[in-house]
Structure formats: structure tokens, C-alpha cells
Amino acid sequence: MDLPKHYDPQATEPRLYERWDKNGYFHEEPDPARPPFIICMPPPNVTARAHLGHGSTYLPMDVLTRYHRMLGENADWLPGVDHAAIATEAVLVRELAKERIAREDLGRERFVERAWAWSRTYGGEIEAQFRRLGFGPDWQRSRFTMDEGLSAAVRRVFVRLYREGLIYRGTRLINWDPKAKTTVSDAELEYVEQDGRLWRIRYPFEPGGAEGIEIATTRPETMLADVALAVHPEDARHAATIGRRVWIPPLLQRSIPIVADEAVDPDFGSGALKITPAHDPLDYEIGARHGLPTPSVIDLEARITGADVPVGPYAGLDRFEARERILADLQRGGFLTETQPHRHAVATSDRSGAVVEPLLSLQWFVKMAPLAKPALDAYRDGRVRFFPARHGRTYEHWLENIRDWNISRQIWWGHQLPVWYTPDGREVVAESAAEALDIAQRLHGTRELTRDPDTLDTWFSSGIWPFSILGWPEQTAELRCWYPSQVLLTGGEIIFLWVARMVMLGLHFLLDVPFSDVVITPTVFDAAGRKMSKSLGNVIDPMVLAERYGADAFRVSILRQMRLESQEIRYQESRCEEARNFNNKIWNATRYILALPEGLPAAMTLPSEGALTLADRWILTRLRETSVAMSELLNRYDFGVAAETIYRFVWYEFCDWYVEATKAEANRATRAAVLSFVWNNAMRLLHPLAPFITEEVWLALPHDGKTIVTATWPDPLEVPAFDDDARGFALLQRTVERVRNARAEIGLHPRERVALDVPANVPEPMAALLALLASAAVERGEAAGDDLDDALAAVTVRAPRGVLEERYRKQLAHLLAEIDRGERKLGNAAFVSKAASSVVAKEREKLDGYRSELARVEAALRASKEPA
RNA sequence: GGGCGGUUAGCUCAGUGGGAGAGCGCUUCCUUGACACGGAAGAGGUCACAUGUUCAAUCCAUGUACCGCCCACCA
């Protein structure tokens with residue numbers, strides 16, 4: 001066979017993926033006879049493109065699914081795409097703007113048509129990218145949140161929650177995104193630290209009077225809607241003012257009361273707070289406690305409106321423009337007493353980035369407290385577990401402090417509320433227009449209905465994802481076999497937005513948690529620990545990495561950096577290069593195996609135990625240990641250590657030691673069989689992590705079956721283990737290293753043989769390996785000591801006089817220091833009496849070892865100095 | 001303001017109550033029957049700081065400093 005010297009992933013990977021896909025290796029049918037292993041893919045936004053973050057979240061899902069498929073389980077990774085309401089709508093509005101068309105000009109129906117067309121065109125792109133990275137979900141089962149089946153599930157959930165009294169319509173303070181022109185939920189806010197200013201403003205007791213009370217604010221434009229000032233009830237400075245009235249500057253057209261409320265922090269500013277219930281959450285609560293009115297002065301365009309209260313010349317101004325004008329007018333009227341810099345967190349919409357305006361509005365909400373209780377219980381009694389466990393406290397804390405969820409959005413792309421209104425404003429909630437008409441006729445005696453134009457928050461449909469994609473509310477075989485799933489993997493930033501809501505809705509509608517394990521994966525940063533962003537120019541595109549180094553290399557590079565407890569990965573491209581080199585190493589070890597002159601056995605079998613050489617026994621023992629370790633590590637989601645474990649086995653044990661050992665004459669009889677066996681197993685252990693190269697190599701070796709994708713996971717019990725021989729080989733390795741070190745010291749050319757005295761009680765196979773691996777000319781001498789440790793320790797290098805002297809002196813110094821340390825330790829009565837006996841024994845053993853080594857090194861040093 | 005992580009070799013990071021580790025980078029040697037995307041040898045660290053617990057602390061506890069993440073209605 002004539003293989004090129006360098007592995008070529010660019011040619012191999014797409015070819016293999018196409019074969020897997022065409023043969024349906026990723027597809028599964030529900031099979032109650034086997035244990036299920038189901039992962040619901042967090043649906044990427046239809047607007048999304050692959051980024052490095054998908055490496056840390058989606059890649060582990062692929063690894064786990066492949067691993068459990070090899071274990072013979074009913075394993076399936078269920079993919080899909082999210083319609084991403086606000087994000088997609090924003091993209092479309094921007095595209096329309098290029099054609100100078102406003103959303104309203106197009107009309108709802110045609111706008112939604114375009115959204116569908118856009119989703120069909122671009123939605124497949126991330127799927128193609130995932131394929132390029134080797135991800136193998138069950139593509140035949142791919143779902144889109146706007147599909148008819150999933151939309152029907154959304155309507156069913158809405159109607160049922162409404163009829164159970166868990167969905168209601170009401171006027172509440174909501175977060176208004178003036179850019180996207182819609183409400184957003186609390187969980188979708190992002191608080192951005194900004195350098196702002198804090199203004200102190202005097203509210204006079206009488207219009208034109210010099211006396212008054214000072215407040216501090218960062219939002220002077222809202223003062224037009226003030227309904228009171230509030231002070232802390234126990235604040236002596238303001239006690240006398242409670243109950244008095246002040247006038248609102250600069251217009252001085254309205255006066256408002258001063259009230260006392262516990263929520264006011266007396267230590268902030270002047271200790272007095274202006275109350276604007278319609279434009280601030282805290283003010284809303286205080287206002288409610290005191291029965292204050294709730295006038296608005298900011299409209300949906302974020303402009304000042306005089307609809308509720310007089311706003312003078314500010315009417316129609318943008319909110320930030322109005323702020324400047326009001327400040328100027330306050331200054332002129334002598335009401336602005338102080339301006340100071342102030343750093344504070346501003347609520348922005350995490351989709352549009354716009355500063356969110358708290359507004360009073362009539363919207364739809366989900367009553368969360370009754371749903372949160374069972375979700376909390378499920379966590380507390382261990383039905384839902386987090387990895388790492390500390391993330392569970394985030395989940396718990398959010399559910400304990402849960403607030404009602406605003407679910408109505410004023411955009412067109414999404415699931416329209418299944419709500420209709422009669423001409424006199426009564427609500428009719430139904431799963432279809434026909435049913436709505438029926439109800440309207442029956443209950444309200446009318447067939448004249450108008451549908452609510454709003455759509456649902458995207459996360460409403462995401463919240464039912466684990467069962468809507470299984471066909472719920474139909475009782476499908478998928479739903480019976482595959483709900484609940486086994487594990488959810490996701491980033492920590494959507495524990496509230498998504499994880500908690502899936503648990504709540506899963507428990508409510510299917511009476512069971514949607515998954516038992518939640519694995520929170522780390523965020524990927526650049527090597528300097530900065531978030532990757534376009535503006536910083538530090539974004540690394542995984543598709544570029546896959547092109548440059550291969551998808552396997554990209555995968556291994558990410559996986560090796562994942563740590564169980566870590567919340568971040570600092571990614572550097574050199575890791576990818578390193579993994580590419582690793583793949584090349586695998587490739588070349590394979591070339592060596594395939595080029596053996598004796599050829600490979602037709603089937604994967606091992607020689608009889610008696611025929612196995614020392615090296616064979618060692619590598620088989622290590623294979624077995626590695627195989628046990630890999631299962632344990634993958635079972636507890638420790639991808640980083642798993643990747644590291646197989647990486648080290650392949651490179652440092654198999655390639656550097658075993659393959660070299662097979663070049664010895666004595667090892668030739670068994671090597672073809674053992675190399676094939678171990679390499680076949682190693683490829684299967686590595687396959688979930690690096691699917692492509694392992695398939696390519698596995699197919700070239702003796703193997704069973706058509707593809708490694710559905711091959712069985714190595715069973716450690718099928719690999720013989722020889723613990724004593726393995727230990728002996730490890731001792732031999734240390735001896736080889738010692739001799740190589742001396743060779744370097746002597747300055748021998750690698751091809752020159754070093755003369756080695758090997759005691760007679762070192763077994764012949766070891767002496768032969770020493771000769772090969774250390775490139776030595778072995779001369780057998782007298783037996784030394786009474787065990788293998790002693791015999792190997794007595795192996796000595798013959799060198800020209802004086803050459804090794806410095807080396808021996810260094811060793812001597814080190815040994816003397818160790819012996820001193822050990823003697824002082826063992827001379828310490830407290831240590832000998834209090835430390836564990838095994839620790840003391842080990843310390844004695846170490847000391848003895850150092851002493852006999854000291855004697856040998858002293859002798860060698862003498863020999864090196866004295867004339868021969 | 002509250003909670004949670006982190007601080008170990010030049011860089012990115014493992015790790016352990018009892019002899020400090022890996023990869024990259026660096027130095028030297030080497031194209032020996034697969035691999036220079038390779039092999040061998042080597043240099044390099046008061047394990048952030050302070051106090052405490054312990055026979056023994058890089059590891060445990062407390063505190064400090066710095067970095068980061070999440071939450072929160074100081075306007």
C-alpha cells in the first residue's frame with residue numbers, strides 16, 4: 001500500500017461524511033429494547049453561523065452521542081433550528097430598508113412570507129457548517145420551531161396554560177425595546193456599565209420659592225411623569241417634609257406629595273427619591289404601595305408625549321434630546337444644583353442593543369410561581385443535576401426570585417398569539433380560528449372576532465423543545481421512548497432563558513423533567529482572555545480552522561482544553577496545529593503498520609498468551625487501563641481529560657515505545673497481530689473525538705463491520721492485562737532514559753552504540769530491548785541484587801574517563817539532598833508516630849533506594865576518575 | 001452591593017496533605033527500516049501574598065490583592 005507521508009483531511013473528511021450521511025448511520029428509530037440515549041440539540045438561531053462557541057457546546061454532544069451509539073444504546077442526537085424572532089425580524093427589516101421598504105408597507109402577510117423564504121435559504125447554512133465539523137445528529141429528524149407540528153404544540157401549550165389560569169393579560173411595567181419596537185422579557189436584558197452623570201435637582205415647596213427638597217437622578221427626562229417624592233420614614237433630615245407637596249421643575253405646572261417608603265436608601269444622594277411609576281420598576285412598586293397614579297410621558301417611539309400629563313415644550317422630543325433640553329431649562333431656572341460623573345448599569349436589549357425603556361403596557365404574561373415550585377423541587381431532590389454542580393445555585397436562585405414572564409412581542413415573525421377579541425374587548429383563546437368562532441358564538445353571542453396581532457417570545461417555543469420535537473401532543477413512539485432525554489448541554493448564559501423554562505414546562509405538561517443531567521460548557525475566549533468580537537478583530541472562524549487543519553484537529557484542539565470545573569477556554573490556534581500534528585502521527589503509525597513485510601492478519605485476533613512478548617503485554621495492559629479510563633471520563637463528561645488520556649496513549653505509549661519495540665527481532669512474530677489489535681481499539685476509543693481519521697485508519701486495519709461509526713466500544717474485559725510485566729516494562733523505560741541521557745552526555749552520534757554492562761539477572765528480552773531502544777552494545781555481567789529493580793539499577797554505561805564526571809557529581813548532590821531530607825523526616829519522632837504507617841514505610845523505602853543509588857553513583861564516579 | 005470562579009515554567013493550562021507536571025516556545029544533537037506536522041536529551045518555577053490548622057501545606061481554613069463570570073430596583 002502506498003500512502004502519502006502527510007494525512008490529507010481536506011480530501012478525506014467530506015468524502016467520509018457523505019458516506020455516513022447517505023447510509024443513515026446517524027439515524028435511529030425508537031427501540032424500547034435498548035436503553036435510550038437522547039440529546040436534544042439546542043436549536044441554533046436561523047440567523048446563526050458556526051463560531052468557536054459551538055466547539056465547546058455542540059462538539060461534546062457529538063462526542064457523547066457517538067460514544068453511546070458505540071455502546072449499543074438507542075442513541076440519537078435530535079437537531080433543529082430556532083426561528084429567532086427578534087433577531088430574524090431585525091435582519092429582514094434591515095434588508096427591506098436597503099430596498100427602501102418599511103415593514104408596514106409590505107404588510108404582515110408578505111413580510112412573513114419573506115421571513116419564511118429567508119429562513120429556507122439561510123437556515124441550512126449552519127447545518128452545512130456542522131456537517132463540515134463532523135457533527136452527526138439525526139438530520140432526518142431536524143425540526144424548525146415554526147414548523148406546523150411545533151406550532152400546533154405551541155398553541156396547545158398556550159391554550160392549556162390560559163385555561164388553567166397560568167396565562168393572563170394585564171397592564172404591567174414591561175421592558176420596551178424602542179429599536180426593535182417590541183417588548184423584551186427581563187431575562188433578555190443585558191446590563192451595560194456606562195459612564196453617565198448624576199444630577200441633583202431642587203423641587204421647590206412653592207412655585208418660585210427658594211426652599212425645597214433635593215433629589216438625585218440619572219434620568220431627568222422622566223421627571224415630567226413624577227407623581228411623588230419619597231424619603232425613608234426614619235430619615236430625620238426629611239421627617240418634617242413628609243406629607244408636604246413640592247412643585248415639579250422646570251415647568252412648575254403640577255405639585256406632588258412627599259411620601260415615606262422603606263425602599264428608599266437614605267445614604268444615596270440626598271436621601272430623597274423622585275417617583276415615576278410608569279418609567280421605573282422600583283418607582284412602580286412604591287407608587288403601587290401608596291396608591292399613586294401612573295402617567296406616562298414616553299411613548300413607543302421613545303419620544304415625549306403629553307397624553308397623560310402636561311409636558312410643555314418637550315412634547316414630541318426624543319427622550320435623550322428632551323433630557324438635554326430639560327437640563328438646560330433646570331439650569332436656567334436655578335433648579336440644577338449639582339452635576340457629577342456617575343458610573344451605573346444601563347438596561348439594554350440583548351438582541352438590538354438599544355437602551356430599554358420601562359413602560360406601562362397591556363401585555364400577556366405567564367404566571368410563573370406555580371410552575372417554578374415543581375422545578376425547584378426537582379432540583380432539590382436531585383432529579384435535575386448540574387455539572388459543574390455550582391451552576392445549580394444559579395438555577396435555584398432565579399426560580400426562588402421568579403417574576404411573571406412577559407411573552408407577547410410586537411413583531412410579526414413568530415407564533416401569533418392564539419387569541420381573538422370580540423368587538424367589546426372580550427378575550428377568546430383557542431387553538432384555531434374555527435374553535436375561536438365557536439367559543440365566541442357560544443359564550444358571547446358573536447362571530448365577529450379580531451385576532452391579537454402580537455407574537456410569542458421565541459423562548460416560549462424553545463421551552464417546549466424537548467417534547468415538541470418528539471411529536472407532542474400526539475402520543476408518538478418517539479415521545480414514549482425518548483422522553484425524558486438523558487443530558488442537556490448548553491452555555492451558562494441561558495440557564496434562565498432556556499434550561500429552567502424547559503424544566504418547568506416539561507414537568508407541567510409531561511409530569512417529568514426533560515433531562516436529568518445539565519452540563520454547562522465553558523465559554524471560549526481568545527488567548528488573552530478577551531471575548532471574541534468583530535470589533536476587537538479577534539474572532540477565529542472554525543470553518544477556517546477546519547479548512548486549514550481539518551475538522552478532527554479542530555475538535556481535538558477544543559476538547560483537550562475543556563476542563564470539568566472551568567468556565568472558560570482560552571483558545572489559541574497553535575493548539576489546532578498541535579492536533580493536526582497528532583493526526584499526522586496517527587497516519588504515519590498506520591503507514592508503518594500497513595507496510596510490515598509480513599503483512600497483517602485477515603481478522604482481528606491476538607496471539608496465544610504464551611507467545612506474547614514483554615512489550616506486547618505492556619501495551620495490552622495499557623490499552624485496557626486506557627479503555628477503562630475513557631469510559632469513566634466520558635461518563636462524567638470530563639472531555640478534556642478524556643482527550644488528554646487517549647492523546648497520550650496514542651502518541652507517547654503506542655508510537656514512541658511500542659512501535660519502536662516492534663522493530664526488535666524478538667518481537668516480530670507477534671507484532672502484526674498486536675499492532676492491528678491495539679490500533680483498532682485505540683481508533684475506536686478516539687473515534688467520538690476525532691471521527692474522520694479514526695474511520696479512515698480503522699477501515700484500513702483488520703476490523704468487523706462497515707463503519708467505525710456503528711462499531712462497538714472497546715470492552716476492557718476483552719483485553720488481557722499483565723500487571724507484573726507492565727511494571728517491568730515501565731522500569732525498563734526508566735533505564736532506557738537513563739542510558740540515553742548518558743549517551744547525550746558522552747556526545748555519541750545516535751547511530752553509534754554505547755557500551756552497556758547489563759547484569760546477568762536482567763532477563764534476555766529486556767536486554768534486547770535495551771540494546772535496541774538505547775542503541776547500545778550490551779555486555780552481560782554478574783548478577784546484581786535480588787530483584788528486577790536492583791538489576792536494572794545496576795545497568796551501567798561505559799564512558800571515556802572523566803566524561804560523565806560532572807553528571808555524576810550533579811546526581812550525587814541531588815541524592816545527598818534527598819537523603820538529608822529523608823533522614824531528617826524519619827528522625828522526627830512526631831512524624832514517625834503521627835503520620836500514616838504507609839507514608840512512613842514509603843519514606844523508608846525511598847531513603848533506602850536513595851542510599852543504594854548513592855553507593856552506585858559514588859562507585860561510578862570513582863571509576864570515572866581513576867585511570868583504567 | 002451579593003454570589004461564584006481563577007492566580008502553578010516565557011505563553012496556555014493540568015495536578016496533588018508527604019519526592020513540582022504537560023503542550024507550545026527555547027537550547028543541543030539527529031533525516032536510524034512510519035512520521036522533521038518527527039525522534040532524543042536539556043535549561044526554565046520562593047505553586048499571588050499574609051496568618052492559621054497539621055508531624056508535614058502548592059494543596060485545607062481565614063483574610064488581603066489582582067483578574068474574570070453571573071445576579072441585583074442606589075435612583
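Every value quoted in this text rests on a predicted model; they were computed, and no experiment measured them. Numbered from 1 within each chain, the chains take letters A, B, ... in sequence-line order.
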Inset, instruction - Using whole Å, report how far CG of A/D656 lies from P of B/G23. - result: 10 Å
Inset, instruction - Check whether any side-chain N or O of A/R648 sits under 4.0 Å from OP1 or OP2 of B/A22, and answer yes or no. - result: no
Inset, instruction - Answer yes or no: does a side-chain N or O of A/R743 lie under 4.0 Å from OP1 or OP2 of B/A41? - result: no
Inset, instruction - Measure from NE2 on A/H6 to P on B/G38 and round the result to the nearest Å. - result: 9 Å
Legend entry - A/D226 and A/Y203: side chain donor to acceptor below 3.5 Å: yes
Legend entry - Distance-only donor-acceptor check, side chains A/E577 and A/S574, under 3.5 Å: no
Legend entry - Mate of B/G5 where both pairing distances stay under 3.5 Å, Watson-Crick or G-U: B/C67
Inset, instruction - Verify the contact: side-chain N or O of A/K531 to OP1 or OP2 of B/C69, cut-off strictly under 4.0 Å; return yes or no. - result: no
Inset, instruction - For the pair A/F582 and A/W651, name the ring-plane relationship: parallel under 30°, tilted 30 to 60°, perpendicular over 60°. - result: parallel
Inset, instruction - Please state whether the phosphate of B/G23, meaning OP1 or OP2, lies under 4.0 angstrom from any side-chain nitrogen or oxygen of A/Y652. - result: yes
Legend entry - Interatomic distance at C1', B/G23 relative to B/C30, whole Å: 22 Å
Inset, instruction - Looking only at side-chain atoms of A/E578, point me to the closest of B/C24, B/C35, B/A34. - result: B/C24
Inset, instruction - Look at A/N583 and B/C37 and indicate whether a side-chain polar atom (N or O) is within less than 4.0 Å of OP1 or OP2. - result: no
Inset, instruction - Starting from C1' on B/G23, measure out to CZ on A/R580 and report it in whole angstrom. - result: 15 Å
Inset, instruction - Would you mind pulling out the nucleotide paired to B/A43, Watson-Crick or G-U wobble, both distances under 3.5 Å? - result: none
Inset, instruction - Could you verify whether a donor N or O on one side chain and an acceptor N or O on the other, from A/K531 and A/T523, lie under 3.5 Å apart? - result: no
Legend entry - Whole-Å C1' distance, B/C70 and B/A9: 32 Å
Inset, instruction - Kindly assign one of parallel, tilted or perpendicular to the pair A/F387 and A/Y637, based on the angle between their ring planes and the thresholds 30° and 60°. - result: perpendicular
Inset, instruction - Could you tell me whether A/H342 contacts a base, only the sugar-phosphate backbone, or nothing, with contacts defined as non-hydrogen atoms closer than 4.0 Å? - result: sugar-phosphate
Legend entry - A/N401 CG to B/C71 C1', straight-line distance once rounded to whole Å: 10 Å
Inset, instruction - For the pair A/Y7 and A/W587, name the ring-plane relationship: parallel under 30°, tilted 30 to 60°, perpendicular over 60°. - result: tilted
Legend entry - Presence of A/H397 side-chain N/O under 4.0 Å of B/G2 phosphate oxygens OP1/OP2: no
Inset, instruction - Would you please confirm or rule out a distance under 4.0 Å between OP1 or OP2 of B/C73 and any side-chain N or O of A/R403? - result: yes
Inset, instruction - Starting from P on B/G23, measure out to OH on A/Y571 and report it in whole angstrom. - result: 18 Å
Inset, instruction - Check whether the side chain of A/K585 and the base of B/C35 form a donor-acceptor pair under 3.5 Å. - result: yes
Legend entry - Salt-bridge present (A/R319, A/E221; N to O < 4.0 Å): no
Inset, instruction - Would you indicate, yes or no, if B/A34 has its OP1 or OP2 atom less than 4.0 angstrom from a side-chain nitrogen or oxygen of A/K663? - result: no
Inset, instruction - Answer with base, sugar-phosphate or nothing: what part of the nucleic acid does A/R390 contact at a heavy-atom distance below 4.0 Å? - result: sugar-phosphate
Legend entry - C1'-based separation of B/A48 from B/G5 [nearest Å]: 16 Å
Inset, instruction - Please determine if a side-chain N or O atom of A/W398 lies less than 4.0 Å away from the OP1 or OP2 oxygen of B/G3. - result: no
Inset, instruction - Using the P atom on both, measure B/A36 against B/G25 and round to a whole Å. - result: 16 Å
Inset, instruction - Searching all strands shown, indicate the nucleotide that pairs with B/G52 (Watson-Crick or G-U wobble; both distances under 3.5 Å). - result: B/C60
Inset, instruction - Please state how far atom CD1 in A/I520 lies from atom C1' in B/C70, giving the value in whole angstrom units. - result: 12 Å
Legend entry - Counterpart base for B/G38, defined by Watson-Crick or G-U wobble contacts under 3.5 Å: B/C30
Inset, instruction - Establish, with yes or no, whether the OP1 or OP2 oxygen of B/U31 is under 4.0 angstrom from a side-chain nitrogen or oxygen of A/H749. - result: yes
Inset, instruction - Whole angstrom is fine here: how far is it from CD in A/E400 over to P in B/G3? - result: 15 Å
Inset, instruction - Scan A/K842 against the nucleic acid and name what it touches under 4.0 Å (heavy atoms): base, sugar-phosphate only, or nothing. - result: nothing
Legend entry - A/F386 CZ to B/G3 P, straight-line distance once rounded to whole Å: 21 Å
Inset, instruction - Name the closest nucleotide to the A/P750 side chain, picking from B/C30, B/A22, B/A75. - result: B/C30
Legend entry - Under-4.0 Å side-chain N/O to phosphate OP1/OP2 contact, A/K846 with B/G19: yes
Inset, instruction - Fit a plane to each ring of A/Y379 and A/Y395, take the angle between them on a 0 to 90° scale, and name the class: parallel (under 30°), tilted (30 to 60°) or perpendicular (over 60°). - result: tilted
Legend entry - Sugar-phosphate, base or nothing in reach of A/E843, heavy atoms under 4.0 Å: sugar-phosphate
Inset, instruction - Scan A/V641 against the nucleic acid and name what it touches under 4.0 Å (heavy atoms): base, sugar-phosphate only, or nothing. - result: nothing
Inset, instruction - Output the single nucleotide from B/A14, B/A75, B/C35 whose closest atom is nearest the side chain of A/S566. - result: B/A14
